[in-house]
Amino acid sequence: MAADRPTCQWIGASGTRYTYYIFPLPASIGSRQIGNYIYARSSVQGEWVPIYIGEGDLADRASGSHHQAQCIKRKGATRFHCHLNSSPEERRAEEQDLLANHQNAYQPGGCNERPGG
């Protein structure tokens, strides 16, 4: 990730702050970069609103072939926020921490599906 790229802080339910790099859509992310990501749009007040929170291969997740690509587009995402994180356990824990604090990322407001439907 480029050091000169804009960043923002996302806060989990635990109070942990996570720094994410911001890419305009469509995002071009190099291959073999694993981490956490958030599709987001800006609110009328200028705050970031999460549309989808996830983890995995960032190049794959930033592509138009994302399994929720149509929903993400329909909900108005304009940016791809991401950062590297090589630990599968830490990535999943961060994803759950952020989802617990940003319930609006779940359907119907966002595109994440609640566990168990």
Side-chain angles (χ1 to χ4, degrees):
M1 305 281 136
D4 61 343
R5 181 156 299 282
T7 63
C8 74
Q9 297 279 314
W10 287 91
I11 302 171
S14 67
T16 302
R17 293 177 174 273
Y18 304 97
T19 301
Y20 280 70
Y21 292 96
I22 303 170
F23 291 81
L25 292 176
S28 179
I29 308 292
S31 62
R32 295 187 304 269
Q33 296 192 66
I34 308 299
N36 292 81
Y37 67 95
I38 301 171
Y39 276 97
R41 65 174 175 79
S42 183
S43 72
V44 182
Q45 297 82 13
E47 298 172 351
W48 289 115
V49 176
I51 302 296
Y52 189 91
I53 297 171
E55 58 88 16
D57 181 318
L58 299 176
D60 180 56
R61 301 306 195 271
S63 75
S65 65
H66 188 283
H67 73 283
Q68 288 287 11
Q70 292 303 315
C71 180
I72 290 165
K73 185 176 181 179
R74 196 170 51 251
K75 301 288 182 180
T78 60
R79 298 291 186 272
F80 185 77
H81 297 202
C82 63
H83 70 102
L84 300 178
N85 185 343
S86 61
S87 166
E89 297 80 19
E90 288 178 18
R91 285 196 314 271
R92 281 191 224 80
E94 180 176 326
E95 176 186 34
Q96 295 308 309
D97 189 28
L98 289 169
L99 282 166
N101 197 40
H102 299 280
Q103 299 275 317
N104 54 332
Y106 284 114
Q107 295 176 355
C111 298
N112 284 88
E113 296 178 9
R114 290 189 185 275

A.B. asks: Can you list the residues that meet the side chain to side chain contact (heavy atoms under 4.5 Å, CB included) rule with Asn104, with sequence neighbours excluded?
C.D. replies: Val49, Pro50, His102
A.B. asks: Sort and list the pairs that fulfil disulfide bond (SG atoms under 2.5 Å apart) and have at least one residue in residues 42-71, not counting sequence neighbours.
C.D. replies: Cys71-Cys111
A.B. asks: Can you list the residues that meet the side chain to side chain contact (heavy atoms under 4.5 Å, CB included) rule with Ile22, with sequence neighbours excluded?
C.D. replies: Pro6, Cys8, Trp48, Arg79, His81
A.B. asks: Could you pull out all residues at least two apart from Gln103 that satisfy side-chain hydrogen bond (donor to acceptor under 3.5 Å, both in side chains)?
C.D. replies: Arg114
A.B. asks: Can you check whether Ile29 reaches Phe23 side chain to side chain, under 4.5 Å on heavy atoms?
C.D. replies: yes
A.B. asks: Just jot down the side-chain hydrogen bond (donor to acceptor under 3.5 Å, both in side chains) partners of Ser43, sequence neighbours excluded, or say none.
C.D. replies: Gln45
A.B. asks: Can you tell me if Lys75 uses its side chain to pair, donor with acceptor, with the backbone of Pro108 under 3.5 Å?
C.D. replies: yes
A.B. asks: Can you name the residues that form a side-chain hydrogen bond (donor to acceptor under 3.5 Å, both in side chains) with Ser42, not counting sequence neighbours?
C.D. replies: none
A.B. asks: Pairs in or reaching into residues 48-69: which pass salt bridge (charged side-chain N to carboxylate O under 4.0 Å, His left out), with residues at least two apart or in two chains?
C.D. replies: Glu55-Arg91
A.B. asks: Once salt bridge (Lys or Arg N to Asp or Glu O under 4.0 Å) is applied, do any residues pair with Glu94, and if so which ones, sequence neighbours excluded?
C.D. replies: none
A.B. asks: What residues, two or more places apart in sequence or in another chain, satisfy side-chain hydrogen bond (donor to acceptor under 3.5 Å, both in side chains) together with Gln9?
C.D. replies: Thr19
A.B. asks: Kindly write out the residues that satisfy side chain to side chain contact (heavy atoms under 4.5 Å, CB included) with Pro26, not counting sequence neighbours, or none if the list is empty.
C.D. replies: none
A.B. asks: Considering only residues two or more places apart or on different chains, which pairs with a residue in residues 29-66 satisfy disulfide bond (SG atoms under 2.5 Å apart)?
C.D. replies: none
A.B. asks: What pairs with Asn101 under side chain to side chain contact (heavy atoms under 4.5 Å, CB included), at least two apart in sequence or on another chain?
C.D. replies: Ile11, Ala13
A.B. asks: When you measure from the side chain of Asn36 to the backbone of His83, do you find a donor-acceptor pair of N or O atoms at a distance under 3.5 Å?
C.D. replies: no
